[in-house]
Peer 1: 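Have a look at this one before I ask anything.
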Amino acid sequence: MLDLAFIRSHPDVVKEAARLKYNDIDIDYLLEVDRKVTSLQREVEEARAQQNQISKQIAKVGKDKELREKLIAEGKQLAEQIKSMEPMLIALLEERQQLLYLVPNIPDPSAPIGKDENDNVPVKYWGKIPTFDFEPRDLYTIMQNLDMVDIERGVKVAGARSYILKNDAARLELALMNFAFDRVARKGYTPLIVPAMAREFCFIGNGQFPKGRDQVYAIENDDTFLVGTAEVSITGMFKDEILKVDDLPLRFVAFCPCFRREAGTYGKDTRGVFRIHQFNKVEQYIICRADHEESVLWHEALLANSEELVQALELPYRVVNVCTGDMGDGKVGMYDLECWLPSENRYRETHSCSYFHDWQARRANIRYRDEDGKVRFVHTLNNTAIASPRIMLPLLETHQQADGSVKIPAALRPYLGGQEYFRPHEIGAKV
RNA sequence: GGAGGGAUGGCAGAGUGGUCUAUUGCGGCUGUCUUGAAAACAGCUGGGUUAACAGCCCCAGGGGUUCGAAUCCCUUUCCCUCCGCCA
């Protein structure tokens, strides 16, 4: 959410941002609604001020019955007048609020201008693209050979885009979570395990609602929804709080199961476990002072953290600067980290690193008192640390061996009891 | 799931229909005093709205009664105690 005062004074800047983000919000209409709100609000407030005056007089009047009756009649009339204006005012306020939720943030001038992921600009490449002296298998085949996954029974239990990780894949997922959790926590990020279900305000706060409502599972009979990322829960944690500037920045590394409906993706990435409804993720999240330079600094730091993780997993990757049309309404800037996927002979997204300035903070009303005692909205940022099974695609494909086994990167071995290779049923059994 | 009790400003805690539309204490800030600090004393000390304010709004959220609601009524949420169930 942007500052309404900013939209009023810079409508053209906001319109341009909406254009760059392919967002069809009608700013002129918003401003028209806003004008109606302020004029009606003034009328109501003036009537209320009068009413308050009369109430005070009534309290003081004492014995004079005649005067008392007269004042009560006046008060009654004002009460009715206010009552008649209020429904319209409430409706207008609500309409303005809903429109405000749809106004995108202003992208940073450094963000590439473009429509979709094809316009994202690679800014960094790391690692050597692997070559194989055998015919490399794709993830699904590797997992089948190692008896790591049961798609059919997953679908039987939970429907399309569901899966069951078994044997070494199940162990690998936990190891990956632990690996990322440990490594980021050691940098001073506070480890959290946050709720996977959250109330509506959390989703409005992080920007998932109202626009992305169709991507979220609602829990019947309860006012909660399943989160698609820990970011939702963490934003909700600090709703309506005023933080101390000395406590900033708050840095978190959070584990949480994630749920996504993936509505409208039928036929996309249907094979295997690339695009699924439920997965596990360790997320990085930062709340810092309202300062652009500081936001940018942390944005780079978050990216560097993820790069270190991926480097430790010995996975070639590239970083792309995400273009305006692909980055989402709330974001000022966004990097995607994409790992090389041998089976597709291209890079695919495994991490997403964003900064928001105060766009989320305004929605969730998260503020801090700065050194001068002034209350300001915080800045928020987040980035994936590791998401699985998505990361298994590059991991298992890149490190596969001619004999069908998979070599485990050294950095991950401590989390797998020192194991060096995944081989069929070395641990676990056929089901 | 059942029964009961609660929710007030950073914290504690008064206030059960209007006479200052939030008493007071703690904490915090400033000043006096002091070489400095402590103590003592004095003053200040929530958020929002608005171009701004002496205006208006906020006593968990929403609705109602009333000329007037922190206060009365309904409702939702959350917390606490007890019972039941339970990993």
Side-chain angles (χ1 to χ4, degrees), chain A residues 1-11 30-31 33-101 193-205 209 218-225 233 236-248 250 257 290 358 361-378:
Chain A
M1 203 162 80
L2 287 180
D3 183 4
L4 183 55
F6 178 83
I7 302 173
R8 285 179 190 138
S9 53
H10 303 85
L30 165 63
L31 291 173
V33 172
D34 178 49
R35 278 191 292 273
K36 284 184 192 164
V37 167
T38 48
S39 79
L40 186 56
Q41 203 157 39
R42 174 159 304 199
E43 261 187 79
V44 170
E45 276 174 21
E46 275 165 10
R48 238 193 302 259
Q50 245 180 298
Q51 191 187 33
N52 287 346
Q53 284 308 312
I54 287 170
S55 289
K56 273 182 197 164
Q57 284 177 47
I58 292 170
K60 283 186 207 154
V61 118
K63 293 156 200 130
D64 190 340
K65 233 178 190 173
E66 207 173 303
L67 180 57
R68 195 185 165 84
E69 292 301 320
K70 183 174 162 268
L71 286 170
I72 288 180
E74 263 180 64
K76 201 171 236 172
Q77 205 195 331
L78 279 167
E80 270 161 28
Q81 197 185 324
I82 292 167
K83 220 171 215 173
S84 72
M85 289 190 278
E86 257 179 347
M88 177 56 89
L89 178 60
I90 289 167
L92 282 169
L93 280 168
E94 176 63 20
E95 185 178 10
R96 184 178 73 177
Q97 187 59 47
Q98 289 305 322
L99 288 167
L100 268 177
Y101 282 146
I193 296 179
V194 297
M197 51 191 266
R199 295 179 191 285
E200 188 178 40
F201 74 79
C202 304
F203 292 82
I204 291 172
F209 285 3
I219 297 174
E220 207 180 1
N221 297 330
D222 291 287
D223 182 26
T224 48
F225 306 81
S233 300
M237 279 170 72
F238 298 99
K239 162 100 177 150
D240 292 332
E241 294 196 18
I242 299 179
L243 305 166
K244 297 191 187 85
V245 67
D246 293 340
D247 293 341
L248 301 181
L250 296 176
D358 62 9
R362 283 180 186 279
R363 296 175 152 246
N365 194 31
I366 305 174
R367 296 170 294 173
Y368 71 102
R369 202 180 304 277
D370 73 9
E371 290 86 346
D372 307 326
K374 196 167 160 19
V375 175
R376 300 168 167 278
F377 289 100
V378 297

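Lettering of chains follows the sequences in order, A, B, ..., and the numbering in each one begins at 1.
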Peer 1: Please report, rounded to the nearest Å, how far the P atom of B:C56 is from the CG atom of A:Leu89.
Peer 2: 16 Å
Peer 1: Give me the distances for all protein-to-nucleotides 76-79 of chain B N/O pairs that come in under 3.5 Å?
Peer 2:
{"unit_1": "B:U77", "atom_1": "O3'", "unit_2": "A:Arg199", "atom_2": "NH2", "d": "3.4"}
{"unit_1": "B:C78", "atom_1": "OP1", "unit_2": "A:Arg199", "atom_2": "NH2", "d": "2.8"}

Peer 1: If you assign A:Gln53 and A:Arg96 each to the RNA chain B nucleotide with the nearest heavy atom, which residue ends up on the more 5' nucleotide?
Peer 2: A:Arg96
Peer 1: Just to verify, what does A:Leu243 make a side chain to side chain contact (heavy atoms under 4.5 Å, CB included) with, not counting sequence neighbours?
Peer 2: A:Phe238, A:Glu241, A:Leu248, A:Leu250, A:Ile287, A:Ile366, A:Tyr368, A:Val378
Peer 1: Which salt bridge (charged side-chain N to carboxylate O under 4.0 Å, His left out) pairs, counting each pair once, include a residue from residues 38-57 of chain A, with sequence neighbours left out?
Peer 2: A:Arg48-A:Glu86
Peer 1: Which letters describe nucleotides 60-68 of chain B, given B = protein heavy atom under 4.0 Å from base, S = only from sugar-phosphate, - = neither?
Peer 2: -----S-BS
Peer 1: Under the salt bridge (charged side-chain N to carboxylate O under 4.0 Å, His left out) rule, collect the residues that match up with A:Arg376, sequence neighbours excluded.
Peer 2: A:Asp370
Peer 1: Taking any strand in view, what nucleotide pairs with B:C59 in a Watson-Crick or G-U wobble way, both distances under 3.5 Å?
Peer 2: none
Peer 1: If I pick the P atom on B:G6 and the same atom on B:C72, what distance separates them, to the nearest angstrom?
Peer 2: 11 Å
Peer 1: List the residues meeting side chain to side chain donor-acceptor pair (under 3.5 Å) with A:Asp246, not counting sequence neighbours, and say none if there are none.
Peer 2: none
Peer 1: Determine which nucleotide pairs with B:G15, using a 3.5 Å limit on both distances of a Watson-Crick or G-U wobble pair.
Peer 2: B:U8
Peer 1: If the C1' atom of B:C59 is compared with that of B:U23, how far apart are they to the nearest Å?
Peer 2: 14 Å
Peer 1: Quick one: is A:Arg8 getting a side-chain N or O under 4.0 Å of the B:U50 phosphate, OP1 or OP2?
Peer 2: yes
Peer 1: Under the rule for side chain to side chain contact (heavy atoms under 4.5 Å, CB included), what residues qualify as partners of A:Leu93, not counting sequence neighbours?
Peer 2: A:Val37, A:Gln41, A:Leu89, A:Arg96
Peer 1: What residues, two or more places apart in sequence or in another chain, satisfy side chain to side chain contact (heavy atoms under 4.5 Å, CB included) together with A:Phe201?
Peer 2: A:Arg199, A:Lys239
Peer 1: Considering residues at least two apart in sequence or located in another chain, which fulfil the side chain to side chain contact (heavy atoms under 4.5 Å, CB included) criterion with A:Ile219?
Peer 2: A:Met197, A:Asp222, A:Thr224, A:Leu226
Peer 1: Distance-only check: which donor-acceptor pairs under 3.5 Å involve side-chain atoms of residues 3-10 of chain A, not counting sequence neighbours?
Peer 2:
{"unit_1": "A:Asp3", "atom_1": "OD1", "unit_2": "A:Ala5", "atom_2": "N", "d": "3.2"}
{"unit_1": "A:Arg8", "atom_1": "NE", "unit_2": "A:Asp34", "atom_2": "OD2", "d": "2.6"}
{"unit_1": "A:Arg8", "atom_1": "NH2", "unit_2": "A:Asp34", "atom_2": "OD1", "d": "3.0"}
{"unit_1": "A:Arg8", "atom_1": "NH2", "unit_2": "A:Asp34", "atom_2": "OD2", "d": "3.3"}
{"unit_1": "A:Ser9", "atom_1": "OG", "unit_2": "A:Ala5", "atom_2": "O", "d": "2.9"}
{"unit_1": "A:Ser9", "atom_1": "OG", "unit_2": "A:Phe6", "atom_2": "O", "d": "3.3"}
{"unit_1": "A:His10", "atom_1": "ND1", "unit_2": "A:Phe6", "atom_2": "O", "d": "3.3"}

Peer 1: To the nearest 0.5 Å, tell me how far A:Arg363 CZ sits from A:Leu100 CG.
Peer 2: 9.0 Å
Peer 1: Applying a 3.5 Å limit to both distances, which nucleotide forms a Watson-Crick or G-U wobble pair with B:U81?
Peer 2: B:A3
Peer 1: I need the CD1-P distance between A:Ile242 and B:U45, as an integer number of Å.
Peer 2: 17 Å
Peer 1: Using atom P in both nucleotides, what's the gap between B:A69 and B:G17 to the nearest angstrom?
Peer 2: 14 Å
Peer 1: Let me confirm one number: the CD1-CG distance from A:Ile204 to A:Asn365, rounded to the nearest 0.5 Å.
Peer 2: 13.0 Å
Peer 1: Phosphate oxygens OP1/OP2 of B:G10: is one of them under 4.0 Å from a side-chain N or O of A:Arg369?
Peer 2: no
Peer 1: Taking the C1' atom in each of B:A12 and B:U66, what is the distance between them to the nearest angstrom?
Peer 2: 34 Å
Peer 1: Check whether any side-chain heavy atom of A:Gln97 sits under 4.5 Å from a side-chain heavy atom of A:Met1, and report yes or no.
Peer 2: yes
Peer 1: Using whole Å, report how far CZ of A:Arg376 lies from P of B:G47.
Peer 2: 14 Å
Peer 1: For A:Leu93 and B:C57, give me the distance from atom CG to atom P, rounded to whole Å.
Peer 2: 14 Å
Peer 1: Could you tell me which nucleotide pairs with B:G27 by Watson-Crick or G-U wobble geometry, both distances under 3.5 Å, or answer none if nothing does?
Peer 2: B:U45
Peer 1: For residues 74-85 of chain A, which residue pairs pass the salt bridge (charged side-chain N to carboxylate O under 4.0 Å, His left out) check, not counting sequence neighbours?
Peer 2: A:Lys70-A:Glu74
Peer 1: Would you compute the distance between atom CZ of A:Arg369 and atom NZ of A:Lys244 and round it to the nearest 0.5 angstrom?
Peer 2: 10.0 Å
Peer 1: Using a 4.0 Å cut-off on heavy atoms, which residues in residues 36-45 of chain A reach RNA chain B? List them by number, or say none.
Peer 2: A:Arg42, A:Glu45
Peer 1: Taking the C1' atom of each, how far is B:U34 from B:U45, in whole Å?
Peer 2: 25 Å
Peer 1: State the pairing partner of B:C20; accept Watson-Crick or G-U wobble contacts with both distances under 3.5 Å, and report none otherwise.
Peer 2: none
Peer 1: Could you tell me how far B:C79 sits from B:C74 if I compare only their P atoms? Round to whole Å.
Peer 2: 23 Å
Peer 1: Are A:Arg367 and B:G48 close enough that a side-chain N or O sits under 4.0 Å from OP1 or OP2?
Peer 2: yes
Peer 1: Figure out the CG/P separation between A:Asp34 and B:U49, and round it to whole Å.
Peer 2: 12 Å
Peer 1: Give the rounded distance in Å between these two atoms: CD1 of A:Ile82 and C1' of B:C56.
Peer 2: 11 Å
Peer 1: Roughly, in whole Å, what's the span from CG in A:Leu4 to P in B:G48?
Peer 2: 15 Å
Peer 1: Atom CG of A:Asn365 and atom P of B:G47: how far apart are they, to the nearest Å?
Peer 2: 12 Å
Peer 1: Sticking with atom P, work out how far B:A70 lies from B:C33, rounded to a whole angstrom.
Peer 2: 45 Å
Peer 1: Tell which nucleotide pairs with B:G68, taking only Watson-Crick or G-U wobble pairs whose two distances are both under 3.5 angstrom.
Peer 2: none
Peer 1: What is the distance from atom CZ of A:Phe377 to atom CD1 of A:Ile242, rounded to the nearest 0.5 Å?
Peer 2: 9.5 Å
Peer 1: Which value, in whole Å, describes the distance between the P atoms of nucleotides B:G10 and B:G48?
Peer 2: 12 Å
